[in-house]
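Numbering of residues begins at 1 and proceeds along the displayed sequence. Note that these values count all heavy atoms, side chains included, but never hydrogens, waters or copies made by symmetry.
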Amino acid sequence: MGIGVDKVTGRARIVIIGGSFGGLSAAFALRRKLGPERAEITLLSREENFTFVPSLTWVAVGSRRLSQISFGLSAPLAGKQVAFVNDAVIAIDTEKKTVTTANREFSYDFLIIATGHRSANEAVEGLGPFTGPGHSPMSAPEAEELATAIQVLLRNPAPVVVGAAPGASCIGPAYELAFGIDYLLRKKKLRHLVPISFVTPEPYLGHMGMGGAGKIRQLLEGALEERDIAYRTSAAIKAITPDAINIEGETPIGSQLSIIIPPLAGVDVVAKTPQLSNPKGFIVVDEHFRHKVAEGVYAIGVAVALPPAESTPVPVNFPKTGHMTEQMATIAAQDLIGEILGSKRGPSAELSARCVLDMGDRGIYLSADPVRPPRNRIPTVSEGRQWLLVKRAFERTYLWNAAHGRKMPTTFGW
Ligand SMILES: Cc1cc2nc3c(=O)[nH]c(=O)nc-3n(C[C@H](O)[C@H](O)[C@H](O)COP(=O)(O)OP(=O)(O)OC[C@H]3O[C@@H](n4cnc5c(N)ncnc54)[C@H](O)[C@@H]3O)c2cc1C
């Protein structure tokens with residue numbers, strides 16, 4: 001009998017918190033190797049649905065409805081004999097090995113935390129949308145709010161600023177939204193009425209918190225310049241007001257629609273659990289994504305603490321993409337399976353990044369291996385319409401497979 005197996009039932013009790021890329025992939029990967037006789041798996045999520053988060057930018061620019069990029073979690077999980085509890089976890093006790101919702105307490109032998117982020121909107125005055133005049137695509141409700149704001153812009157053309165606040169780590173969607181709004185306005189022959197600026201804490205375009213990659217910097221500079229999108233780098237946004245963006249040491253930029261990616265923090269329940277996370281609420285793990293102190297606890301995805309790639313004049317944090325989240329889920333699941341079956345630990349690996357940046361009518365494919373420089377391979381950076389088609393096909397395939405309990409594609413087209 002392996003470690004962490006319940007003495008009475010002979011089964012390991014695995015609890016997963018979060019039903020997005022990390023949580024769902026981990027649940028499927030565990031079940032592929034651990035039948036119900038080996039492991040009782042429970043997934044708790046405060047959302048009833050899985051949402052394909054990368055497509056929230058498409059919800060914002062009106063090319064997707066939320067219903068097209070989400071599905072109910074209960075059916076695919078039931079098909080895998082994973083108990084689904086649609087409830088928010090309000091307490092984690094790593095000594096007693098329990099997690100608690102408003103309705104119930106769950107005991108675990110192993111816990112996988114895949115709770116993603118909290119937008120730290122308090123970091124900059126005016127970050128929004130529900131706390132200030134700024135807009136953001138970081139969650140489904142925020143993306144829908146942004147979609148409405150973009151419709152208002154189309155009726156009343158006015159200056160737009162897109163960008164990221166100091167300390168942001170998820171900068172790709174800011175580029176996608178700048179390109180997406182530019183493309184939308186050009187299609188409607190309104191672009192000449194709307195000055196667009198891109199404002200980023202990155203020391204140069206395409207840094208993305210990972211020290212850049214190959215020719216992405218040159219490509220993005222050219223792409224913004226040919227689209228008349230003005231840009232400022234190493235910009236520390238201080239405040240967002242209803243009609244301007246204030247940047248430290250610089251003249252404010254007039255803006256009626258300010259879309260600013262916030263810095264992220266860990267969710268409250270993780271941040272408040274003693275000795276679970278760092279001061280930002282992110283969880284420090286080993287190379288198998290296992291907590292260094294709390295027994296039986298793993299963390300994957302955006303919930304994990306990853307140090308910045310380098311020090312920059314304005315802070316930029318390390319990215320945690322969907323593709324990286326899937327790799328973390330696989331490594332953690334393999335390690336946990338080895339632990340339960342009493343076999344050797346699963347492999348660990350340096351995370352790599354592959355993603356496609358949507359530019360409205362074309363895409364940029366970027367591959368960096370490993371994500372953190374220096375790298376073994378010269379990064380691949382390629383621009384073309386085909387990449388956008390790949391991104392769209394990936395979204396459809398991922399959603400179909402996930403909704404039907406099939407193995408999701410993991411590498412190509414994020
Ligand atoms: C707008 C946008 C565009 C992006 N585009 C790309 C892209 O093109 N390519 C790419 O690779 N990555 C992209 N990313 C990043 C990618 O979406 C994330 O890496 C991925 O969503 C992380 O998955 P996760 O499972 O760690 O967390 P999340 O997706 O954040 O999910 C966390 C889950 O945990 C649940 N949860 C949180 N707290 C609790 C609680 N207390 N109790 C119960 N449940 C809880 C939440 O409800 C949520 O379902 C994008 C992100 C954003 C915001």
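- Within 6.0 Å of the CZ atom in Arg406, the count of heavy atoms belonging to other residues, nucleotides or ligands does not exceed 12.
- For the atom pair OG of Ser136 and CG of Leu146, the computed distance is 8.0 Å after rounding to the nearest 0.5 Å.
- With hydrogens and angles ignored, the 3.5 Å screen pairs no side-chain donor or acceptor of Tyr204 with any backbone N or O of Gln218.
- Of the possible donor and acceptor atoms, none in the side chain of Arg362 sits under 3.5 Å from a partner among the backbone N and O of Asp358.
- The side-chain heavy atoms of Arg65 and Val59, taken from C-beta on, include no pair separated by under 4.5 Å.
- Listed for the Asp93 side chain is no donor-acceptor partner under 3.5 Å among the backbone atoms of Lys97.
- Side-chain contact between Thr42 and Ile14 is absent, with no heavy atoms from C-beta onward closer than 4.5 Å.
- Proximity of a side-chain donor or acceptor of Glu202 to a complementary backbone N or O of His207 within less than 3.5 Å is detected.
- A donor-acceptor pair is defined here as one N or O able to donate and one able to accept, closer than 3.5 Å; such a pair exists between the side chain of Arg31 and the backbone of Leu34.
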Apply side-chain hydrogen bond (donor to acceptor under 3.5 Å, both in side chains) to Asp87 and Asn103, showing your working. CA-CA 8 Å; Asp87 211 347; Asn103 302 303; 2.7 Å; yes
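- Cation-pi geometry between Lys80 and Phe28 is satisfied (NZ or CZ under 6.0 Å from the ring centre, within 45° of the ring normal).
- In terms of heavy-atom proximity, Ile16 sits nearest to Ile41 at CD1-CG2, 3.9 Å.
- Of the possible donor and acceptor atoms, one in the side chain of Arg191 sits under 3.5 Å from a partner among the backbone N and O of Val194.
- For Ser55 (side chain) and Trp58 (main-chain N/O), no donor-acceptor pair under 3.5 Å exists by modelled atom type.
- Put simply, CG on Leu111 and CD on Glu295 are 12.0 Å apart, with the number rounded to the nearest 0.5 Å.
- Here the CD atom belonging to Glu105 is positioned 4.5 Å from the OG1 atom belonging to Thr98, to the nearest 0.5 angstrom.
- The backbone N or O of Gly222 sits nowhere less than 3.5 Å from a side-chain atom of Glu225 that would complete a donor-acceptor pair.
- Between the CD atom in Glu339 and the CD atom in Gln334 there is a gap of 14.0 Å [rounded to 0.5 Å].
- In this structure, a donor-acceptor pair under 3.5 Å is present between the side chains of Glu142 and Ser139.
- The residue from Tyr175, Phe179, Tyr231 that alone fulfils the ring-ring contact (aromatic ring centres under 6.0 Å, His included) condition with Phe198 is Tyr175.
- In this structure, CD1 on Ile247 lies 11.5 Å from OG on Ser234, to the nearest 0.5 angstrom.
- Within the 4.5 Å cutoff, the side chain of Phe21 has no heavy atoms near those of the Met408 side chain.
- Checked by atom type, the side-chain pair Glu326/Tyr398 shows a donor-acceptor distance below 3.5 Å.
- Here the side chain of Arg38 pairs no donor or acceptor atom with the backbone of Ile340 at under 3.5 angstrom.
- Using modelled atom types, one finds no donor on one side chain facing an acceptor on the other under 3.5 Å when comparing Gln386 with Tyr365.
- Aromatic ring centres of Phe289 and Tyr298 lie farther apart than the 6.0 Å criterion allows.
- Using a 3.5 Å distance cut-off with no hydrogens or angles, the side chains of Ser382 and Trp387 do pair a donor with an acceptor.
- Note that CE of Met138 is 9.5 Å distant from CG of Asn121, once rounded to the nearest 0.5 Å.
- Under the 3.5 Å distance criterion, the side-chain polar atoms of Asn49 are left unmatched by any main-chain donor or acceptor of Ser70.
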